[in-house]
Amino acid sequence: MSSSKYNSLENLDNFDTNINTNMFDTPSSSQGMDYTININSVSGNMNSTNASSSNNNNNNNNNNNNNNNNRKDIQDTLDEPVLDTLLRDLNNVWAKMKQVLMPTGNQNLLKDWDLWGPLILCMTLAIRLSFSAPENQSAMVFTITFIIIWCGAAVITVNSKLLGGKMSFFQSICILGYCIFPLTIVSLITIIIDYFIIDLILVIVAFVWSVYASIGFLTDVRLSQKKTLVIYPIFLFYFIIAWMILIE
């Protein structure tokens, strides 16, 4: 009886000891791995969040730098002397004129349109033709030349737009205006050379050069099935100018 009671008490002591030791046992290896994986996943999320935030900060800094550079360029352009502005514009005009003389070069140069070059060429040609006209017709010749160039360029531009051209209105006028440069040069040469045969050859060469250059630069116009409808007004436009130079 006493021995059985002793055994039961011993079993109770062992049970309490097991409970106490199990309470302080460390986690198993699988639990430790789960804990480590959870920590790594959290740290990975934190790293990706930090990386995305740093990328956003870098993009914002780049945008701010670009905006500051653009503002600086605008301020520099506004604050520069008038002479520097004129020289820069004249250099751009001369570069586009040289591009007309060499049409196989950078054809994107004339896409940055301006009307200073066409205006200079138009005024030069109109003054040249009015200079050779009779005194009582010089003003009329100047006016007719001016109107033919600008109105003709506008009509050709509207025609190309109606036929599906994607080029802007002023960009087309810029190209057509710059392409009278060969004819303007020939008109000045004919002041010195007063032989009809030589003048005729020079005018024909300048006419062909102007038509060739203008068609080459007007590449945005879709000429697939409407080639004649686009080229004919250009041909007629430069032919009239060339005829006016020849009969002056």
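Note that the NZ atom of K161 and the OG atom of S172 stand 9.0 Å from one another [nearest 0.5 Å]. Between atom CG of residue L176 and atom OG1 of residue T157 there is a gap of 5.5 Å, rounded to the nearest 0.5 Å. Here OG1 of T190 is found 7.0 Å from CD1 of I245. Values are rounded to the nearest 0.5 Å. To the nearest 0.5 Å, atoms CD1 (I241) and OG1 (T184) are separated by 8.0 Å. Once rounded to the nearest 0.5 Å, the distance linking CG of L115 with SG of C122 reads 11.0 Å. Remark: L188 CG to L183 CG distance equals 11.0 Å, nearest 0.5 Å.
Residues passing the side-chain contact (heavy atoms from CB on, under 4.5 Å) test with V158 are L162, F169, sequence neighbours excluded. Residues satisfying the side chain to side chain donor-acceptor pair (under 3.5 Å) criterion with T145, sequence neighbours excluded, are absent altogether. Not counting sequence neighbours, the partners of L236 by the side-chain contact (heavy atoms from CB on, under 4.5 Å) test are Y232, I240. The side chain to side chain donor-acceptor pair (under 3.5 Å) check on S132 picks up R128, E248, with sequence neighbours excluded. Residues that satisfy the side-chain contact (heavy atoms from CB on, under 4.5 Å) test with P134, not counting sequence neighbours, are N136, Q137.
Taking both residues in full, the closest heavy atoms of G117 and Y178 are given as CA-OH, 3.3 Å, listed atom of the first, atom of the second, then distance. G177 approaches L121 most closely through the heavy-atom pair O-CD1, 3.5 Å. In this structure, I173 and P118 approach most closely via the heavy-atom pair O-CG, 4.4 Å.
Residue pairs meeting the salt bridge (Lys or Arg N to Asp or Glu O under 4.0 Å) criterion with at least one partner in residues 200-215, sequence neighbours excluded, are absent. Residue pairs meeting the salt bridge (Lys or Arg N to Asp or Glu O under 4.0 Å) criterion with at least one member in residues 172-184, sequence neighbours excluded, do not occur.
Counting only heavy atoms from C-beta outward, the side chains of I180 and Y238 approach each other to under 4.5 Å. Residues M244 and I148 meet the side-chain proximity criterion, which asks for heavy atoms closer than 4.5 Å. No side-chain heavy atom of F181 sits less than 4.5 Å from a side-chain heavy atom of I120.
Under a hydrophobic clustering in which Ile, Leu, Val, Met, Phe, Trp and Tyr are joined whenever their side-chain heavy atoms come within less than 4.5 Å, directly or via other members, L129 and I189 fall into the same cluster. Note on I175: it clusters hydrophobically with W116, by side-chain heavy-atom contacts below 4.5 Å among ILVMFWY residues. Follow the hydrophobic side-chain contacts under 4.5 Å out from W150 and you never reach V155; the two are in separate clusters.
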Using the rule given for side-chain contact (heavy atoms from CB on, under 4.5 Å), can you reason through D114 versus N92, listing the C-alpha separation, both sets of side-chain angles and the distance that settles it, and then say yes or no? CA-CA 9 Å; D114 69 88; N92 292 331; 5.6 Å; no
Side chains of residues 195-213: which donor-acceptor partners sit under 3.5 Å, not counting sequence neighbours?
unit_1: W209; atom_1: NE1; unit_2: V100; atom_2: O; d: 3.1
unit_1: S210; atom_1: OG; unit_2: C179; atom_2: O; d: 2.8
unit_1: S210; atom_1: OG; unit_2: A206; atom_2: O; d: 3.0

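Side-chain contacts under 4.5 Å among hydrophobic residues (ILVMFWY), followed directly or transitively, place L87 together with L83.
Ring pair F170/W113 is parallel by interplanar angle, where below 30° counts as parallel and above 60° as perpendicular. Using cut-offs of 30° and 60° on the angle between ring planes, the pair F239 and W243 is parallel.
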